[in-house]
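Some notes on the structure that comes next.
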Amino acid sequence: MTASQGDGAGGGVPARGLSRLIVARRFEVPAVIGGFLLFFLLFTSYFMLRPVRETFGIAGGIDNLQWLFTGTFVATLLVVPLYGWVASRTPRRRLLPILYSVSAVVMAGFAISLAFDPQNIWVARAFYIWLSVFNLFVISVAWSLMADLFERDQAHRLFGQMAAGASLGGLAGPILSGILVGPLGASGLLFLSTGILLLTLLCVRYLIGWRDRVGPKADEGREPPAPDRIGGSIWAGLTLILRSPYLLLIAGFVLLLTTASTFLYFEQARIVEATFPDRTRQTQVFASIDAAVQSITIMIQIFFTGRLAKRLGVTALLVAVPVTMMFGFGLLAFAATFPVLVAAMMVRRVGEYALVRPGREMLFAGVDIETKYKAKNAIDTVVYRGGDAVAGWLYTGIVALLSAGAVAIAGAIVAALWGAVGLAIGRRHDCKPESRTAAM
């Protein structure tokens with residue numbers, strides 16, 4: 001890169017100092033800031049609403065949670081093919097603004113409905129399902145846009161700094177929710193979240209403009225761009241899973257993960273409802289848990305995840321949380337109290353975000369492009385939400401036939417199976433990397 005290129009967009013003393021700090025070229029600094037703000041705003045908008053969603057789940061009756069999980073699964077089956085159809089016909093640069101604008105309109109509609117009738121259970125249930133499906137797409141589309149705007153070398157250098165905005169937004173969102181739910185109410189939080197989501201479109205417009213301005217600089221040595229439209233159906237992904245023992249193991253791992261998580265989620269709803277009957281207080285409790293989880297997750301991601309994977313391999317990332325959860329469920333079987341629940345929930349969620357999820361992403365390193373996009377998407381959507389629905393009804397059956405205490409014992413058994421499958425996949429990945437492609 002010539003000196004004139006280095007002094008392009010983003011030149012000047014502040015940009016020069018920041019470029020050294022974040023390992024970016026000076027003309028890339030504005031894009032890093034724009035990407036950071038995009039993910040910060042996006043995650044702040046979503047995580048503001050998570051505590052509201054959990055409160056609405058309780059408001060609809062904890063005995064009906066399995067129906068909400070089933071409704072989410074059905075909605076996923078309906079929306080995923082529709083999204084695939086739209087994505088295959090829309091350039092990625094237009095896909096994100098369209099998706100986010102439609103989502104903002106829907107959020108504003110929920111906010112207006114709740115402002116006029118804040119106790120409407122059916123609006124609360126519809127919002128719960130919508131937000132559970134909404135989060136499957138908005139983050140994925142944002143990263144697709146980033147992949148479209150940046151070349152491979154830039155992605156390796158810059159995406160980590162941009163992703164830090166997501167971590168910060170995941171922390172800011174629940175903090176704002178806990179502080180503002182009292183004075184603004186649920187409808188006010190939805191209006192605020194809608195405004196924050198729309199602000200991301202300014203970041204998108206800026207990033208696209210930056211790319212168009214500096215294209216000749218960044219395109220030197222750039223690999224051929226990926227197809228402008230995303231093709232492939234969810235059914236193609238499911239077919240790939242059924243044909244591959246390796247992918248079937250990953251799908252089984254995800255199903256056991258969702259089962260253990262759903263058991264704990266239902267216990268959370270039951271214990272929080274009994275401990276905090278007030279809706280506003282419930283939202284504040286959920287917001288506090290989310291903020292604590294995000295804070296600890298950021299620290300582990302920065303200082304431990306990469307080192308643990310490098311020294312002990314992916315196996316350690318996949319097995320550590322299931323083993324810990326065995327003991328967590330065992331403790332809940334003897335003392336199903338709110339402090340014990342909070343400890344178990346934080347271990348599970350921090351472990352999933354900081355260890356299990358990165359480990360799952362590493363399992364797809366080295367596989368072919370079709371598997372990486374089609375099969376992975378099917379696992380992350382249909383398999384994941386399907387596991388939620390099945391586990392919800394399994395929880396209901398155990399409580400009806402036995403007792404709530406029996407759920408903790410069943411959860412410990414599921415966690416043990418989860419860990420065993422994680423051990424099998426991890427060893428296969430760490431010891432025989434060539435088997436990953438052979439298994440496809």
Side-chain angles (χ1 to χ4, degrees), residues 8-50 92-104 107-108 134-135 137-151 153-177 179-180 189-215 217-218 290-291 294-295 297-298 301-302 353:
V13 175
R16 186 182 302 118
L18 186 58
S19 68
R20 293 173 181 172
L21 180 64
I22 64 176
V23 197
R25 297 168 182 170
R26 272 183 283 167
F27 78 90
E28 295 170 338
V29 170
V32 173
I33 296 174
F36 179 94
L37 289 175
L38 168 62
F39 285 107
F40 171 74
L41 294 170
L42 177 60
F43 276 71
T44 299
S45 174
Y46 168 63
F47 273 90
M48 280 184 62
L49 301 182
R50 269 182 56 98
R92 281 189 302 212
R93 291 188 177 195
R94 293 179 55 195
L95 181 62
L96 186 148
I98 291 173
L99 177 62
Y100 285 18
S101 297
V102 171
S103 298
M107 287 169 62
F134 160 84
N135 70 52
F137 300 101
V138 292
I139 298 171
S140 176
V141 173
W143 280 115
S144 294
L145 178 69
M146 295 298 105
D148 189 37
L149 297 179
F150 296 91
E151 63 175 291
D153 171 69
Q154 289 177 312
H156 289 173
R157 290 186 291 106
L158 308 179
F159 277 13
Q161 286 78 35
M162 295 181 191
S167 298
L168 187 60
L171 177 61
I175 291 177
L176 289 174
S177 185
I179 295 174
L180 299 177
L189 286 180
L190 263 70
F191 279 122
L192 180 58
S193 179
T194 301
I196 294 174
L197 180 62
L198 289 175
L199 286 177
T200 63
L201 298 180
L202 297 178
C203 298
V204 171
R205 182 176 180 180
Y206 178 81
L207 286 167
I208 293 175
W210 171 87
R211 178 70 211 180
D212 293 338
R213 290 193 303 273
V214 305
K217 304 172 186 177
D290 279 354
Q294 291 299 321
S295 300
T297 299
I298 292 172
Q301 286 174 331
I302 293 174
Y353 296 153

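Predicted, not measured: the structure shown is a model, and the values here were computed from it.
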CE of M48 to OG1 of T194, rounded to nearest 0.5 Å, is 9.0 Å

Step-by-step side chain to side chain contact (heavy atoms under 4.5 Å, CB included) determination, L38 to Y206: CA-CA 10 Å; L38 168 62; Y206 178 81; over 6 Å; no

Check the pair L197 / L41 against side chain to side chain contact (heavy atoms under 4.5 Å, CB included), numbers first and verdict last. CA-CA 7 Å; L197 180 62; L41 294 170; over 6 Å; no

Rounded to the nearest 0.5 angstrom, the OH-OG distance for Y100 and S45 is 9.5 Å

Looking at every non-hydrogen atom in both residues, tell me the closest pair between F191 and A108 and how far apart they are. CE2-O, 4.3 Å

F47 vs F43 aromatic rings, parallel, tilted or perpendicular, using cut-offs 30° and 60°? parallel

Run L201 and L96 through side chain to side chain contact (heavy atoms under 4.5 Å, CB included) and show every step you take. CA-CA 8 Å; L201 298 180; L96 186 148; 4.2 Å; yes

From I175 atom CD1 to D290 atom CG, the distance as rounded to the nearest 0.5 Å: 10.5 Å

Write down the atom of G169, the atom of P174, and the distance for their closest heavy-atom approach. O-CD, 4.4 Å

Measure the spacing between CG of L171 and CG of L176 and express it to the nearest 0.5 Å. 9.5 Å

CZ/F40 to SG/C203 distance, rounded to the nearest 0.5 angstrom? 10.5 Å

Assess whether side chain to side chain contact (heavy atoms under 4.5 Å, CB included) is satisfied between N135 and R50, documenting all intermediate values. CA-CA 10 Å; N135 70 52; R50 269 182 56 98; over 6 Å; no

Shortest non-hydrogen contact from S101 to P97? OG-O, 2.7 Å

Flag, side chain of S193 to backbone of L189, donor-acceptor distance under 3.5 Å: no

